[in-house]
Amino acid sequence: MSELPKGYEPQAVEEKWYQYWLDRQCFVADPARVGPARPAYAIVIPPPNVTGMLTLGHVLNNTIQDILARKARMDGKEVLWLPGTDHAGIATQAVVERTLKKQGAMKHREELGREKFLEHVWDWKDKHGGIIIQQLKKLGASCDWTRERFTMDPAYSKCVERVFVELYRKGLIYRGKRMVNWDPAARTALSDEEVDMLEEKGHLWHLKYPLLEAAGQTATQEFVAVATTRPETMLGDEAVAVNPQDERYRQLVGRHCLLPLQNKPIPIIADELVDPKFGTGCVKVTPAHDPNDYEIAQRHRLPLTVVIGPDGCMTPAAGEDFVGLDRLEARRAVVEQLTQQGLLLKTEDYVHNVGYSQRSHVPIEPYLSEQWFLKYPSVEPATRCVEAGSEQAPHPDAPGGPESLAPGAIRFHPDRWAKTYTHWMKNLRDWCISRQLWWGHRVPVWYRKPAGQPAAGDPPAPQIYCGTEPPPDAAQWEQDPDVLDTWFSSWLWPFATMGWPERTDTLKAFYPTADLVTGPDIIFFWVARMIMAGYEFMGELPFRNVYFTGIIRDKLGRKMSKSLGNSPDPLELIAKYGADALRFGTMRSAPLGQDILFDEQNVELGRNFCNKLWNACRFRQMVAGPDTPTEGEIDPALLTSDDRWILLRLDTAIREIDAAFAEYRFNEVTQTLYRFFWSEYCDWYVEASKATLANSDRGTPSAEPGAGPAEGAARRANTVAVIDFVLGHMLRLFHPFLPFITEELWQGLGYRESLPADQGGATIMFARWPKPFDDAEKEHFRLDPAAAQSAEAKYDLVSKGRNLRREFNLPAGKKLKFVLKPATDLPAHELEVMRLLLHAETIEIDAAYLPPKGTPLAANALGELYLPLAGLIDAGAERARLTKELGKIQAEIAKAQANLDNPQFTAKVPPHVLEQHQQRLAGWQAKEKQVQAGLANL
RNA sequence: GCGCGCUUAGCUCAGUGGUAGAGCACUUCCUUCACACGGAAGGGGUCGCAGGUUCAAGUCCUGCAGCGCGCACCA
């Protein structure tokens with residue numbers, strides 16, 4: 001690159017490099033390359049809905065995965081990031097149904113029939129599926145796209161069927177008529193996990209049921225009072241229950257009352273389930289519409305009267321006044337009729353929790369139906385591997401190491417989710433896996449069609465066939481119409497995507513995977529079930545670390561939602577700011593384990609950051625010239641204090657970044673990167689380096705006494721070598737977060753030159769991750785803390801000098817003359833750096849300087865810096881300034897002195913802390929003297 | 001009811017016992033030859049409240065309050 005444009009323009013750059021990486025197969029994982037020297041590293045993507053669109057949640061989640069994958073590649077691992085999509089049964093079917101209805105193609109899917117309808121869904125999938133994959137590419141995701149999988153791929157579907165059959169044969173899958181969570185909008189059963197309990201302000205209606213003398217006889221004047229939140233269900237009541245211990249009602253047990261509106265005698269029964277302390281102590285029993293009531297009905301052999309149908313409307317059994325009404329309309333109608341008949345005792349306001357379908361957002365209807373259930377497999381190892389709260393456990397070995405089922409084998413980040421996981425695992429209830437949908441994996445079970453002539457004797461037991469292939473005499477059988485819960489396919493994701501049940505090379509090399517990145521909202525749906533499936537079908541855990549992201553919310557803390565319209569389109573943000581900016585801004589504001597309040601300003605900050613990085617590299621091109629090679633040797637003898645300081649800061653940054661990565665603290669990594677690059681490299685080092693660089697530019701000899709032009713050029717080259725060293729390291733540190741701009745600069749500035757192709761020569765993607773200096777290197781470059789201290793003292797004095805400029809309202813552009821009364825020897829080069837940083841015309845060194853009365857001063861360990869401004873200074877203002885500073889200093893002295901005067905402190909504190917405090921005190925005392933002298937001089 | 005999290009600058013949040021931090025916003029100044037998507041300086045904090053442990057607490061412990069979330073639910 002000969003010349004860089006003034007600002008960074010991401011659009012052209014991003015497209016170009018993504019294609020470059022694809023062309024060179026940089027994302028492709030090869031199991032053959034895995035070996036002891038090149039460990040495998042694998043992540044499987046949480047498959048997004050195939051017809052979904054990219055959200056900020058996806059951005060966060062996939063950026064983290066991409067960072068992990070890119071970092072692992074730079075660490076020399078063979079990386080597989082396996083992508084794919086999920087068929088998302090209910091969501092996808094609902095979208096297609098809605099669209100077809102809107103188009104007038106059907107009123108209900110039954111009109112089209114299963115085959116026709118599924119054709120439409122596949123059409124939809126072909127049209128909209130894969131959009132999200134394209135969007136992930138825009139984000140820079142380095143997935144191995146050659147291995148993209150879909151949960152409805154033929155091979156994947158075979159895995160699902162195989163697993164069903166295996167679990168069926170083990171007796172873990174069974175069919176049963178049960179009370180399930182019914183979604184009347186989607187008209188399907190749901191699992192317990194798909195029901196959200198939402199607090200709702202409702203009513204408690206107290207109803208009067210007239211007592212009968214005996215069954216079928218006339219009513220007495222007596223009543224039983226029952227309370228309900230759902231009066232419409234009373235149409236299906238089959239009993240009134242009381243607690244057998246309840247003295248108040250004992251004499252009623254065995255009698256009957258008359259169910260109002262239905263005019264049906266129902267018995268009064270005794271059951272332990274009734275809490276005598278709640279309400280009236282009498283419970284109406286609706287066996288077909290309440291799970292508890294169903295249990296009671298089983299025990300008492302009560303009939304089931306279904307009054308609410310699968311569509312949420314009242315059935316004919318509800319009576320002609322109510323049939324066809326929606327359940328909420330029916331509620332109003334029932335209350336009205338009971339009121340008219342004087343059977344409504346009272347209505348109380350009542351706050352209670354109502355189950356809502358997570359999918360359709362309508363109230364769940366408990367509904368009795370025939371469903372398939374799974375008794376969870378491998379619960380014991382799956383519980384144990386997470387249970388032990390992995391905090392103290394050592395970081396697991398790289399994948400491929402010896403396997404164990406030890407507690408702590410899977411680590412959660414943050415760890416606290418382990419508790420949630422364990423709690424759920426210990427209270428498992430069988431999983432309802434059948435769905436009354438068409439889009440999904442059809443239950444691989446066939447029922448024998450009724451024979452033409454049933455035998456005269458006892459009817460033959462229904463015959464069931466379960467297999468991955470249809471039964472041989474298929475014509476005699478009918479397949480179960482239901483499909484399986486989507487999660488029943490995605491729980492196989494980590495191995496079904498790698499060729500299972502074959503022991504493929506991929507599976508051997510990359511399973512178990514290293515990290516899983518997902519949201520805590522699917523810890524039960526997906527994470528827990530994957531762990532169980534891993535143990536059950538692979539015999540080992542599916543991953544070693546689970547990183548739980550926070551939930552992205554808007555500025556006001558609300559969840560992102562379509563209806564609120566508060567969910568920005570990530571692609572628009574990428575178009576506006578660049579993918580790197582979106583990634584960096586998101587990661588910077590995403591602390592481990594906390595929700596993220598999204599603000600577009602974060603992305604703007606990311607863009608500004610990229611622009612700054614761009615310009616820092618532009619500066620390098622400008623001062624060194626585009627043709628200067630980037631691998632210049634650093635000569636330790638020529639290093640300035642600024643050089644040594646920035647190399648030490650780089651060393652510190654690398655160490656901090658490594659530590660943060662080890663704990664998945666990505667926002668900490670970004671903060672360190674930000675601080676090092678902006679506050680340390682740009683703000684101080686680049687500015688200080690201009691002293692060396694500009695000097696030689698002007699062709700004047702170095703300010704160093706005795707240095708000739710040749711040495712000036714050598715110093716200049718050395719500074720460029722330091723700049724290149726720092727930038728080359730920095731680009732690599734930034735790469736996992738900012739893949740595009742770092743590649744552009746890596747290639748453009750020539751850092752790839754002279755490197756082997758597989759170590760950064762072809763792409764920064766495979767450049768080696770920077771290492772901190774070892775002791776020998778530190779020794780070689782003389783990078784001791786003292787080297788840094790002199791630079792820092794200089795920067796401190798510069799800041800104070802600049803402050804003088806501000807305090808006395810001297811415009812930033814005005815060249816000033818300073819006088820320095822040095823406390824130590826100060827090399828000419830150091831002085832020149834100070835002069836530049838202070839934007840001073842000159843700094844005069846005068847050890848015997850006697851400042852005119854009222855000359856403002858800034859002081860630290862380097863000496864006293866005066867700003868002689870004869871006659872310009874308001875003595876009062878200067879006194880106020882110095883007095884304020886003195887106050888600060890004396891407060892610090894008092895604090896330090898108090899500690900050091902405390903015998904407890906000096907006796908118990910560790911030596912290095914004691915020394916710290918002593919030095920601090922001495923430092924403040926020296927400053928106190930300088931400031932006091934300044935005050936005296938006024 | 002049980003569990004988890006949060007409470008630090010105007011806002012959003014880092015902070016891992018040892019001198020209270022960042023970004024944005026604010027005030028003032030500067031278009032100085034990398035960058036105005038920039039630079040410089042500055043103002044702004046009894047770290048939710050009350051106890052305790054410690055030489056030392058924003059940080060550890062206990063209790064309380066407010067907010068949020070999860071699980072479990074009695075009609």
Side-chain angles (χ1 to χ4, degrees), chain A residues 4 6-8 197 204-205 226-230 233 241 273-286 290 292-293 350 352-353 414 416-417 419-420 423-424 427 520-521 523-524 551 553 555 557 577 581 585 588-589 591 593-599 601-602 604-623 659 663 665 667-668 671 674-675 679 682-683 686-687 690 694 697 798-800 802-807 809-815 836-837 839 892 895-896 899 902-910 912-914 916-917 920 924:
Chain A
L4 298 172
K6 192 171 174 183
Y8 174 56
M197 301 301 285
L204 198 57
W205 284 274
V226 295
T228 181
T229 53
R230 303 192 56 196
T233 63
L273 207 66
V274 179
D275 177 0
K277 290 192 284 294
F278 186 87
T280 61
C282 297
V283 180
K284 59 189 271 312
V285 179
T286 321
D290 183 278
N292 289 327
D293 293 4
Y350 189 61
H352 61 140
N353 290 314
R416 66 184 142 87
W417 291 109
K419 206 166 184 174
T420 306
H423 182 257
W424 187 76
N427 294 280
D521 48 335
I523 187 167
F524 310 137
I551 292 165
R553 299 169 178 280
K555 250 195 288 201
Y577 299 105
R588 197 174 169 283
S589 56
Q594 300 301 328
D595 286 356
I596 296 109
L597 298 201
F598 182 83
D599 188 336
Q601 278 190 340
N602 292 328
E604 203 179 317
L605 178 136
R607 180 208 46 190
N608 295 354
F609 189 81
C610 290
N611 191 59
K612 185 86 173 172
L613 181 60
W614 182 260
N615 277 287
C617 290
R618 211 161 76 92
F619 173 75
R620 185 271 170 207
Q621 289 304 71
M622 220 189 68
V623 296
E663 293 173 29
R665 297 175 172 273
N667 76 311
E668 223 169 272
Q671 271 165 11
Y674 194 102
R675 184 204 68 214
S679 309
C682 290
D683 286 353
V686 167
E687 297 305 321
K690 287 175 183 172
D697 260 0
V798 165
S799 289
K800 290 195 161 94
R802 287 166 173 173
N803 173 255
L804 293 183
R805 186 190 276 276
R806 273 294 316 143
E807 290 288 340
N809 281 323
L810 300 163
K814 189 174 165 72
K815 292 271 183 185
L836 263 173
L837 294 177
H839 205 245
E892 293 296 338
K895 264 202 288 189
N899 274 333
N902 182 350
Q904 298 273 19
F905 178 82
T906 45
K908 293 191 179 177
V909 91
H912 74 276
V913 174
L914 183 64
Q916 232 175 48
H917 280 254
R920 206 178 293 153
W924 287 118

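These numbers come from a predicted model, not from an experiment. Side chains included, hydrogens not; waters and symmetry mates left out as well; all remaining heavy atoms used. Chain letters run A, B, ... following the sequence lines, proteins first, then strands; residues in each count from 1.
The side chain of A:Trp924 approaches B:U19 more closely than any other nucleotide in the set B:U19, B:C35, B:C69. Comparing atom distances between the A:Phe905 side chain and each of B:G3, B:G18, B:U19 picks out B:G18 as nearest. Here the side chain of A:Phe278 is nearest to one of B:C74, B:A34, B:C29, namely B:C74. Closest contact between the side chain of A:Tyr674 and the listed nucleotides B:A75, B:G23, B:A34 involves B:G23. If you check B:A36, B:G23, B:C4 against the side chain of A:Lys6, the one that comes closest is B:A36. Which of B:G3, B:C37, B:A41 sits closest to the side chain of A:Asn608 comes down to B:C37. Side-chain atoms of A:His423 lie closest to B:C71 of the nucleotides B:G18, B:A34, B:C71.
The 5' end of RNA chain B is approached more closely, in terms of each residue's nearest nucleotide, by A:Ile596 than by the other of A:His912 and A:Ile596. Nearest-nucleotide positions on RNA chain B place A:Asn902 closer to the 5' end than the other of A:Asn902 and A:Trp424.
Put simply, CD on A:Gln671 is 8 Å from P on B:G15, counting in whole angstrom units. Spacing between atom CZ of A:Phe609 and atom C1' of B:A22 amounts to 13 Å, rounded to whole angstrom units. A:Met197 places its CE atom 12 Å from the P atom of B:G70, with the value rounded to the nearest Å.
Listed for the A:Arg805 side chain is a donor-acceptor partner under 3.5 Å among the backbone atoms of A:His839. Between the side chain of A:Asp293 and the backbone N or O of A:Thr286, at least one donor-acceptor pair lies under 3.5 Å. Using a distance-only test at 3.5 Å, with no hydrogens or angles considered, a donor-acceptor pair links the side chain of A:Asn427 to the main chain of A:His423.
Using a 4.0 Å heavy-atom criterion, one finds that A:Asp595 contacts no nucleic acid atom at all. Heavy atoms of A:Lys277 sit nowhere under 4.0 angstrom from any nucleic acid atom. Within the nucleic acid shown, A:Pro910 comes within 4.0 Å of at least one base atom, counting heavy atoms only. A:Arg618 comes within 4.0 angstrom of sugar-phosphate atoms only, judged by non-hydrogen atoms across all strands, and of no base. Within 4.0 Å of A:Val686, counting heavy atoms only, lies at least one base atom of the nucleic acid. No contact: A:Cys282 has no heavy atom under 4.0 Å from any strand. In this structure, A:Tyr350 reaches the sugar-phosphate backbone alone: every heavy-atom distance under 4.0 Å involves primed, P, OP1 or OP2 atoms, never a base. Counting any heavy atom pair closer than 4.0 Å across all strands shown, A:Arg230 reaches no nucleic acid atom. Using a 4.0 Å heavy-atom cutoff across all strands shown, A:Gln916 reaches sugar-phosphate atoms only and no base atom. Using a 4.0 Å heavy-atom distance criterion, A:Glu892 is classed as a base contact.
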- Audit row: A:Leu605, A:Asn608, side-chain contact (heavy atoms from CB on, under 4.5 Å) steps and yes/no: CA-CA 5 Å; A:Leu605 178 136; A:Asn608 295 354; 5.6 Å; no
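With 3.5 Å as the limit, one finds a donor-acceptor pair spanning the side chains of A:Asn615 and A:Arg618.
Residue A:Ser799 places at least one side-chain N or O under 4.0 Å from the OP1 or OP2 atom of B:A41. Regarding contacts with the backbone of B:C74, a side-chain N or O of A:Asn292 is found under 4.0 angstrom from either OP1 or OP2. In this model, the phosphate group of B:A34 is approached by a side-chain N or O of A:Lys690 to a distance below 4.0 Å at OP1 or OP2. Taking side-chain N and O atoms only, A:Asn667 has no distance below 4.0 Å to OP1 or OP2 of B:C13. For the OP1/OP2 pair of B:A41 and a distance below 4.0 Å, the side-chain nitrogens and oxygens of A:Arg802 include at least one atom meeting the criterion.
A distance of about 10 Å separates the P atoms of B:G58 and B:G18, rounded to the whole Å. Atom name P, nucleotides B:C2 and B:G63: the rounded distance is 12 Å, in whole Å. Of the C1' atoms belonging to B:U19 and B:C47, the separation is 16 Å, rounded to the nearest Å. For the C1' atoms, the distance linking B:A22 with B:C29 amounts to 23 Å, nearest Å. On the P atoms, B:G17 is 12 Å away from B:C61, given to the nearest whole Å. Spacing of C1' atoms, B:A34 relative to B:C26, comes out at 28 Å, to the nearest Å. A distance of about 15 Å separates the P atoms of B:U46 and B:G21, rounded to the whole Å. Comparing B:U53 with B:U12, their P atoms sit 36 Å apart, to the nearest whole Å.
Taking 3.5 Å as the limit, the base of B:A34 and the side chain of A:Glu687 contain a donor-acceptor pair of atoms between them. Contact annotation: side chain of A:Lys612 to base of B:C37, donor-acceptor pair absent below 3.5 Å.
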- Dot-bracket encoding of pairs in RNA chain B, which uses [ ] for pseudoknotted crossings and | for another strand, Watson-Crick or G-U under 3.5 angstrom: ((((((((.[[[[.)..(..]]]].(((((.......))))).....[[[[[..)....]]]]])))))))....
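Between A:Tyr8 and A:Trp614, the ring planes are tilted. Angles from 30° to 60° get that label.
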